[in-house]
Amino acid sequence: MYVPRILCVGPNGGVSSREEQREEQREELACQLLLSAPLEWLLLGEEPAAGLAQLQENNQPSPLCGHVFKVGEPTYSCRECAADPTCVLCMQCFLSSIHKDHRYRMTTSGGGGFCDCGDAEAWKKGPYCQKHIPTDTDLVARGYSIFSIILKYAVDLLTWEQEDQLPAGLEPPERGDMYYCMLFNDEVHTYEQVIYTLQKAVNCSQKEAVSFATTVDRDGRKSVRYGDFQFCEQAKSVIVVSRNTSRQSKPLRVHVMHSSVVAHQCFALKALSWLGQIIQYSDGLRRILCQVGLQGKGENSSLVDRLMLNDSKMWKGARNIYHQLLMNSLLMDLKYKKIFAIQFAKNYRRLQTDFMEDDHERVVSVTSLSVQLFTVPTMARMLMVEENLMTTIIRTFVDHLRHRDLQGRFQFDRYTAQQAFKFGRVQSLIGDLKYVLISCPTEWSDELRLKFLEGLDAFLELLKCMQGMDPVVRQVGQHIEMEPEWEAAFTLQMKLTHIISMIQEWCSTDERVLIEAYRKCLTALSHCHSGLSDGEQPITLSLSGHSVDTFRYQVSQDKVSIHLPVCRLLAGKHFPALHFQSFHPPLLIELPLRCLVLCAQVHAGMWRRNGFSLINQIYYYHNVKCRVEMFDKDIIMLQAGASMMDPNHFLMIVMSRFELEANKNNTLIEEMLHLIIMVVGERYIAGVGQVEPFDEIRREIIHQLSVRPMAHSELVKALPENGNKETGLERVIDNVASFKKPGVTGRGLYELRPEWNKHFNLYFHHYSRADQSKAEEAQRKLRRQNGEDTALPPPLPPPLCPLFASLVNLLQSDVLLAVEGAVLQWAVEPSGGGWTESMLQRVRLTRPVSLSNWNSVPNNTVRDKDKAERKRKAEMARLRREKIMAQMSEMQKHFINENKELFQQSLEELEASTSAAAEDRYTLGGAQRHQLVTCILCQEEQELRGHGRAMVLAAFVQRSTVLSKNRHRNLPDPEHHDPLFMHPDLSQGIHTTSCGHIMHATCWQRYFEAVQFKEQRRQQRLRGHTSYDVENGEFLCPLCECLSNTVIPLLPHARSPDCRYTHSCVSNRFDLTDTDHRFIIKLIVLRESKQSDGPMETCVKTHLDYSDVTVSLRNAFSSSISAMITTFSMSTYKVGLKLNPNEQDHRVQVLSWSTCAYTIQSIGNTHRFNNPHPSLYFNALNDNSLNPVYIVCLQVYSVLSYSSVHCLDQSGRSVVDSAHLHILHLVTVAHLVQILLTSTTGNSHIHTHTHTHKQSSPAPVSLLPVCLTLSSGWQLWRCVKVGVLPFLRSAALFFHYLNSTAPPDDLLVAGPGQWEALCSYLSLPSNLLRLHHSHHTLLEWCSHPGVRQTLQVGGVVVRFPRESNRLIDLPEDYSTLINQASSFTCPRSGGDKSRAPTLCLICGSMLCSQSYCCQTEVDGEDVGACTAHAFTCGAGLGLFLRVRESQVLFVAGKTKGCFYPPPYLDDYGETDQGLKRGNPLHLCSERYRKIERLWRQHAIAEVIGHAQEANQTLVAIDWQHL
């Protein structure tokens, strides 16, 4: 076969990644033209486009969907109709099926599976969606020879092991000396190790090494060097020898391959991809490919067999392509699927052995196809009968766990790292066995019975290897030196839990199988008992006239194991087969009893020297993950043994194992009595008590909710799951509990309905000691609130089944009566004896009804006397307290009468201070009020004075893009940027916030120096990040721990100077000077103006000539206050421009004005978001939350402390003084011109009650056409009014906090007079168009060449009022986001699916997060896609949604971040971070609005700081790599 030269050309050295992508695109196009197109012509006999369209039109599709899932794609499984949890639908089929209205589970695919729509065995009902209703198939027989040749060629090349030559017939006519140094992927080495090794071996840059490592991880191999053999061999030797960075001493796998071999293998993969595409057009072509792949004359001679058996030798890319081809062909047809399944089962042992030796993940192994084959019930039973699949799986599993002790039991304590790795991989076999057994048969054949029982024999051999493993012996002398390994054994137990339950379910469906299985379990248990070495000393126990023969054994001295799977399997089969008495009943209870006694002794503190390993084993023994097949089965086995034994004999053996005769331990007596209560009273198991299937689940829920209200997820975790991952919770929860929906925070909770409280049992056997105590306290408190008796009698248990009816005889046995009598005797002894209240309560529970009054009279008499005595003492204490309180009250009145004048004066001062705080802090006319503040560090009070000690507020200055209307504009050069005029798009600003806590400046300086010193010492010890960066001046507020990076000086209001001069520029007529004209033109033309806040005044002061105004600067503050002013100014300068502090820079004062302006606009924007009503915005003028803005305004005023700043209007009704009035008029007129120039006749912001004329062109027009196209003058006025309102509101806010003038009442209420009140407050006419009467001047401005040029250039034109920015809109259904993310490809990896797609909530961009491929260099450091995007989109701050984890990510800079609960909740009011529960998620608008509020309030950095302080593990995360 001839392969064109396009695949033989090696990579060009030194090319960029973009050029390499272009080269790959050209090569792909050449492959399509030279390779794929001729094959399609040959197959179809006509032009491919027309032939494929005709083929697809005539094709009758298969009823099976077969959509192959991509990594991260959403999958749906119906909880009601799915045969097992592996039966899933794609999103399209799910939305077209009946299951969308059922209870379903939503998860994300790991790749490698396909949609089960159309598979009737996968669904109990509704197997077809509307698109895949079955029709008659039409087989099209074409291309048999083409498929045979191509498939054989591909298999030959992919399984070819020689690196230097090709198979016969494929050798090129001219053999060159060009080779590839091919690096292969493994799951042992990390990215860093591969990158380091490649940099050393092939002398490439780190960026190239990262690209190599990314491709190797994605495709499985990558050429890292191209050249002659010697050149490539040299690189190979360096890579192989380089082991210094290897976690294990295993080198990287690298081969030197001839270029022709690589070219043919690349073509083979493209040929397989082409086959997968071409068979999608016709079901007939699919069947032909199936026949070609499965035909063969001998064993394992088919092409599919060759691919399977060589799977572990291929690289990841080849595996993925042929796996997908198998799923698109063989698994889509039931006939060929069956043939393939038989071949798969025949080679199962070999495939699994190869998988154990391989180091790739299971998802890229052919063994992962077992889930597609074994979960089909008919196919699983067919394989079990014909290929003995169940036995094969179990024996393969046992063969791979070869590490045993002398008794043949599994031994995990001496496992090496390699053996531990192998143990982790071999657990996948348990999953395959679960697939085979997940569906119980409804009809049994003799062959199925025979093979199942044969598999049961193999399973019992496995359990016998687990019986008694990890035995423990009590440490007496000294503490255990090294904690033994225990996790592996419990991992194996948890993996087998569902298998054991499924085998019991299989046995329960056929009586013959059950009887034979019971015999086999008894035989296996007898074998286990025969191996015990502790039955050599028979003894006879005697008590209360009864005796029983047993043997000597002490849990506290001999070996004991918590792992008894054979006994517990027998307990699961014991109910209907109790007529078999061939086994000695005491032997049935022996091993479970030892285990329960071990737990009792651990609780009694007798095993403390055995360390935490034993404590952990006891914990998991009772844990919900293991208790069904451990603790519960042990109780059942004791119940079975007690029902067949004499009750006195049973109790004597129990007392012997508890070792009460040698050691009278109160805790052991309590535990023994509790065990007897459980044996007699636990009847909520079908077969033991006469109960319905869901009575047990209802009882579990009642007792869990008796502890406290719980969320749905907590209840699910507290209930055991079956093989289908269902707990049965939904069937009973609504009956016993009421659901309380969550608010903006928290979770939805279930609360127990009052009528079910009577079913509470304090001695519920699944309670831990802590849960029992909490439940008792909660129930007693509830009964006290309801006025009921606080006693907690147990509820009446259900009746026992006939086979267990003899259990009640335990309550009437002589031995139990003797024990009860002894405890009661201790209780009445004068010395107190050795009894406890808990012990007495348990004795009362074990007493039968006929003896309930035994010895009750004297006991009640004593109790009544005690109760009367306590009541008498309580009454005396109450009278004594009342007498003391009366004396204190009398003394207080006497003191007040003697000091009436003092108290009256204090009350007047208090009222005065309260009214002052309500109105304002300062008077309007200039009389200064004294203000006392307290330092939070030294607690010293101080009056605010201009020449006193400086008081400061902790503050945080940050760059912001919350108000930005153009996030794509490049940031200016900080060295030459002039911040005097801010661009109208507000692309970036400086925002200041403060927590409001006050300190002395000296106290703060000492505190900050201590923080710096502590940080220096911490770096020497820990060398890790903290939640704040001291080097950048960050610290935490000493009181509230809010993140801060500067301080704002707390300034008093200076006295107003005498107004003995006038301004020549202020007059009744608004005239403009030449300087004003030049300023306005610059303001409008350069589009660098500030439209709505205080910095405009600063700018105007800079440009206007106040020659007639005599002003003089004076030092109004002390040196300490001036130093703090400088500190804040420098912080603003450093953050805003990212430059080192420079006090000589003239931009320092301007940036202080800028942060004040931006903060005011941001607060106005936030208040409009929280309170859309205009009146609420002006109520914010008296809101304490604006206190930091007030401080910022005072700070700005102190920086530019002209005496004219303090000249107030003497009437006291206007907020704007005479010095500012001209500036305000000037800027207002300029802003009006801006509004008109940037408006369109169809402005969406103009809300009128009548129809407005709309032009087809939305382009900005000049002032005159705007006026002409408007239908009326009032419409023009309404346009101007709406546009200028945000500016006037910000101006009012600014001047209010600058000059402390209270707003009029009309401004604080909604109504028609609010506009007039606002204009009056700012000393403006209510009709702003009257500000300027010279139309000639306005036209001169508009006709300026710069204005026309600016409007005609186009680009981003900011219109007024600016629309408020919002976070992006999210879909209501979370699966829509998952589907969107699943189709997102990494922009730098050649179409590879992103592993962690992340959505920016600010701009909506989808990013490839947490990946080397998309790292970008920012300030000389490589950062991840999210961090890089945060710098361009949010000025270093980012809000992201990690789609596959359902997790919100907050990022601030490179080193700080945290995770935040997502706004998506399930039907139970809970988030599902990690998508672990799989419940459908829907958008909660209130929670998303809360996230948006945090963003608008610039509180993200504060949230991150608090989160990192609360959870130090967040500090250690490398946030810059996300």
Side-chain angles (χ1 to χ4, degrees), residues 11 20 24 70-71 110-112 157-161 163 180-202 204 206 208-226 232 235-236 238-243 245-257 261-262 265-266 268-269 272-273 307 310-324 354-368 418 421 424-425 1386 1388-1396 1408 1410-1415:
E20 187 176 349
E24 291 178 357
K70 296 171 286 190
V71 176
L157 265 298
L158 294 181
T159 58
W160 187 252
E161 298 182 3
E163 304 167 357
Y180 287 99
C181 181
M182 193 70 69
L183 177 64
F184 287 84
N185 178 59
D186 61 34
E187 301 300 333
V188 177
H189 299 87
T190 64
Y191 260 91
E192 288 78 9
Q193 293 167 357
V194 176
I195 292 171
Y196 176 83
T197 303
L198 288 178
Q199 286 180 284
K200 183 178 179 181
V202 299
C204 61
Q206 183 182 13
E208 292 173 330
V210 169
S211 176
F212 286 149
T214 304
T215 306
V216 170
D217 182 63
R218 181 185 74 239
D219 298 335
R221 71 176 190 179
K222 171 67 176 176
S223 170
V224 297
R225 179 167 284 186
Y226 178 72
C232 294
K236 174 185 175 180
V238 176
I239 294 175
V240 171
V241 172
S242 178
R243 298 187 181 182
T245 58
S246 178
R247 184 174 55 195
Q248 301 172 352
S249 60
K250 178 182 178 181
L252 290 167
R253 180 186 168 199
V254 58
H255 294 165
V256 176
M257 305 176 65
V261 176
V262 177
Q265 288 181 344
C266 293
L269 293 181
L272 289 181
S273 299
L307 283 174
N310 288 277
D311 181 80
S312 62
K313 301 177 183 178
M314 299 184 197
W315 63 99
K316 186 188 294 187
R319 296 187 192 187
N320 288 333
I321 289 177
Y322 99 80
H323 290 171
Q324 187 165 353
D354 291 343
F355 173 67
M356 300 303 156
E357 302 300 328
D358 190 19
D359 64 351
H360 281 68
E361 297 175 354
R362 181 174 167 84
V363 70
V364 293
S365 170
V366 72
T367 58
S368 64
Q418 184 177 1
F421 173 75
R425 297 178 75 82
C1386 174
R1388 297 190 180 184
S1389 298
D1392 184 33
K1393 302 299 179 184
S1394 175
R1395 295 184 177 181
C1408 179
Q1410 206 169 353
S1411 174
Y1412 277 94
C1413 56
C1414 288
Q1415 284 193 346

Trainee: To check you understand the geometry: which heavy-atom pair defines the closest contact between Leu157 and Ala268, and what is its length?
Mentor: CB-CB, 4.0 Å

Trainee: Tell me whether Glu357 contacts the main-chain N or O of Asp354 through its side chain, where contact means a donor paired with an acceptor under 3.5 Å.
Mentor: no

Trainee: Between Cys181 and Val254, is the side-chain contact (heavy atoms from CB on, under 4.5 Å) condition met? List the steps.
Mentor: CA-CA 7 Å; Cys181 181; Val254 58; 3.6 Å; yes

Trainee: Can you find a pair of side-chain heavy atoms, one from Val194 and one from Thr190, that are under 4.5 Å apart?
Mentor: no

Trainee: I'd like to check the salt bridge (charged side-chain N to carboxylate O under 4.0 Å, His left out) partners of Arg425; sequence neighbours left out, ordered by chain and number.
Mentor: none

Trainee: Do Gln265 and Arg221 have side-chain atoms, one donor and one acceptor, less than 3.5 Å apart?
Mentor: yes

Trainee: Under the 3.5 angstrom rule, does the side chain of Arg319 hit a backbone N or O of Ser312 as a donor-acceptor pair?
Mentor: yes

Trainee: Is there a side-chain contact between Asn320 and Trp315 (heavy atoms, below 4.5 Å)?
Mentor: no

Trainee: Between Val363 and Ser368, is a side-chain contact (heavy atoms from CB on, under 4.5 Å) present by the stated rule, with each step listed?
Mentor: CA-CA 6 Å; Val363 70; Ser368 64; 5.7 Å; no

Trainee: Applying side-chain contact (heavy atoms from CB on, under 4.5 Å), run through Phe355 and Asp311 and close with a yes or a no.
Mentor: CA-CA 9 Å; Phe355 173 67; Asp311 181 80; over 6 Å; no

Trainee: Nearest 0.5 Å please: distance from the CD atom of Glu192 over to the CD1 atom of Ile195.
Mentor: 6.0 Å

Trainee: Which heavy atom of Val216 sits nearest a heavy atom of Asn185, and at what distance?
Mentor: O-CB, 3.4 Å

Trainee: What is the ring orientation for Tyr226 with Tyr180, classed by angle as parallel under 30°, tilted 30 to 60°, or perpendicular over 60°?
Mentor: tilted

Trainee: Any idea which heavy atoms bring Thr367 and Arg362 closest together, and the distance?
Mentor: O-NH2, 3.1 Å

Trainee: Out of curiosity, Arg225 CZ to Leu183 CG, how far, rounded to the nearest 0.5 Å?
Mentor: 12.5 Å

Trainee: Thr214 and Tyr191: which non-hydrogen atoms are nearest, and at how many Å?
Mentor: CA-OH, 3.6 Å

Trainee: Check step by step if side-chain contact (heavy atoms from CB on, under 4.5 Å) holds for Glu208 and Val202.
Mentor: CA-CA 10 Å; Glu208 292 173 330; Val202 299; over 6 Å; no

Trainee: So, for Val364 and His323, which heavy atoms are closest and what is the spacing to 0.1 Å?
Mentor: O-CE1, 3.4 Å

Trainee: Distance from Asp359 atom CG to Arg253 atom CZ, nearest 0.5 Å?
Mentor: 9.0 Å

Trainee: Ignoring hydrogens, what is the shortest heavy-atom contact between Ala318 and Leu269? Give both atom names and the distance.
Mentor: CA-CD2, 3.6 Å

Trainee: Considering residues, nucleotides and ligands other than Glu163, do more than 12 of their heavy atoms fall under 6.0 Å from its CD?
Mentor: yes

Trainee: So that I can tick it off, tell me whether Lys222 and Asp217 are bridged by a salt bridge, with the cut-off set at under 4.0 angstrom between side-chain N and carboxylate O.
Mentor: no

